[in-house]
Amino acid sequence: MTSDRAAHVARFGTHGAWSGWGKYTPDQARAIEELGYGTIWLGGSPENLRPIRKVLEATEDITVATGIVNIWNTDAATIADEYLELESDFPGRFYLGIGAGHPEATAEYKKPYEAVVDYLDVLDSKDVPAERRLLAALGPKMLRLSADRALGAHPYLTPPAHTAQAREILGPGVLLAPEHKVVLDTDPEAARAVGRPPVDKPYLHLRNYVANLKRLGWTDDDISGGGSDALIDTLVAHGDAASVRAQVDAHLSSGADHVAVQVLGDGDPVPPLAAILRAG
C-alpha cells in the first residue's frame, strides 16, 4: 500500500450516491456531481465495466466506484484489463469494488475468503493498485482483508452499530464506506411500505446478511415476516431531509469516512439527494 492512502480516502468525500447498476442516467450523474456528492456508486453484479464509462464520460471529476463486481461472474484478469483502460482514459477517478456476493445466488460459491484472495492475487499480477480497490465486507475476517489488500471496505445493509465495530477491526486510515438506504417521507408507515420490500427480498433471506444482523443482536423475530419495524427503521432512514441526514451521518460519527446514500422508490433520486445534502 502506498503512502498516499489518506489522499485516496479523502477523494471519496463524506457522502456518495448509490444506485443499482445502470440506474443513473448521464444527466442524473452530472446533477449528483453538481450537488457536491463525492462519489457515485454503481451497485449490483455487472459482468464487465463498460457501463462505468458512460458515467465517467458524463461527469468531470467525481469519484466512481463499483459496489460491487462479483468475483463469481467475472474473470479477474479481464476486469483488471478493463480497469486499466478506464484508468488510462479517466486517471484517478475509478475505484474497483469487488466482493463474493452470497451463496444463494451463486452455484460456485465456496470458500469465499480464499476466492477473494485469489482474485486479488490476479489483480496484483495485473498491476491494479491495492489503494484503487475496495472489498464488500461484513464479518471480521473480510474486514481485515480489506485493510490488508485494499483501500478499505464497502459494507452493505449495515447500521451505524456495525460501522463502529468495523472501525475497531479496520483501525485508522482505512476507508470505511457503508451504504445506507433512505426514504424521504415523514409518514413512518408509508416509508416502511417503500423500504421493507427491497430489504426483505432478497437480503433477509440471505445467510451472510442475516448472520451479520444476528451478530449485531437482531433476532429471528426481527428478521422474519419482512423485518420488524425496528429493524426496517434501522436499515432504512426515513423522515424529513434533516432527520434522514442525521440518521445517515450517524455512520460518520460511528467511524465511517464516507456513507453511500441509496434513495429508494421509483422517482428521480436527485431531488431527495439534493434535500439531504442541503440539510447538513
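Keep in mind that this is a model prediction, so the values were computed, not measured. FYI, side chains are in, hydrogens and waters are out, and symmetry mates aren't considered; it's all heavy atoms of this structure.
Linking ILVMFWY residues whenever their side-chain heavy atoms come closer than 4.5 Å, directly or via other members, leaves L170 and L151 in distinct clusters.
Considering only heavy atoms from C-beta on, L252 comes within 4.5 Å of T14 through its side chain. Using a 4.5 Å heavy-atom cutoff, the side chains of I32 and T59 are not in contact. Between S45 and V69 the shortest side-chain heavy-atom distance does not fall below 4.5 Å.
In this model, no donor atom of one side chain and acceptor atom of the other lie less than 3.5 Å apart for Y156 and Y209. H258 and H15 are not linked by any side-chain donor-acceptor pair at a separation below 3.5 angstrom, with hydrogens and angles left out of the test. Judged purely by distance below 3.5 Å, without hydrogens or angles, the side chains of S243 and Q247 pair a donor atom with an acceptor atom. Looking only at atom types and distance, the side chain of T78 has no donor-acceptor partner in the side chain of D81 under 3.5 Å away. Residues E114 and Y119 have side chains that never bring a donor and an acceptor to within less than 3.5 angstrom of each other.
Applying the side chain to side chain contact (heavy atoms under 4.5 Å, CB included) rule to P26 yields the partners R30, A58; only residues at least two apart in sequence or on another chain are considered. Residues passing the side chain to side chain contact (heavy atoms under 4.5 Å, CB included) test with E168: none are found, sequence neighbours excluded. Every salt bridge (Lys or Arg N to Asp or Glu O under 4.0 Å) that D220 has, sequence neighbours left out, goes to K214. With sequence neighbours excluded, no residue satisfies salt bridge (Lys or Arg N to Asp or Glu O under 4.0 Å) with E33. R93 is linked by a salt bridge (Lys or Arg N to Asp or Glu O under 4.0 Å) to nothing, counting only residues two or more places apart in sequence or in another chain. Scored by the side chain to side chain contact (heavy atoms under 4.5 Å, CB included) test, D257 finds V9, R167, L175, L176 as partners (sequence neighbours excluded). Partners of Y37 according to the ring pair (Phe, Tyr, Trp, His ring centres under 6.0 Å) rule, which considers only residues two or more places apart in sequence or in another chain, do not exist here. Considering only residues two or more places apart in sequence or on other chains, A136 meets the side chain to side chain contact (heavy atoms under 4.5 Å, CB included) condition with I68.
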Intermediate values then yes/no, side chain to side chain contact (heavy atoms under 4.5 Å, CB included), I52 and W21: CA-CA 9 Å; I52 292 285; W21 194 256; 3.6 Å; yes
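Among residue pairs with one or both ends in residues 240-250, those qualifying as salt bridge (charged side-chain N to carboxylate O under 4.0 Å, His left out) are R245-D249; sequence neighbours excluded. For residues 52-63, the pairs satisfying salt bridge (charged side-chain N to carboxylate O under 4.0 Å, His left out) are R11-D61, R53-D89, with sequence neighbours left out.
Ring geometry, H251 versus H180: the interplanar angle exceeds 60°, so the pair is classed perpendicular (tilted spans 30 to 60°).
T66 contributes a side-chain N or O that, together with a main-chain N or O of G97, makes up a donor-acceptor pair within less than 3.5 Å.
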Tell me which donor-acceptor pairs under 3.5 Å the side chains of residues 267-280 have, and how far apart each pair is, sequence neighbours excluded?
{"unit_1": "D268", "atom_1": "OD1", "unit_2": "Q28", "atom_2": "NE2", "d": "3.2"}
{"unit_1": "D268", "atom_1": "OD1", "unit_2": "V270", "atom_2": "N", "d": "3.0"}

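When hydrophobic side chains of Ile, Leu, Val, Met, Phe, Trp and Tyr are connected at separations under 4.5 Å, V122 ends up as a singleton with no cluster partners.
Remark: aromatic rings of W41 and H154 are close, center separation under 6.0 Å.
Counting heavy atoms of neighbouring residues, nucleotides and ligands inside a 6.0 Å radius, atom CZ of R50 does not exceed 12 of them.
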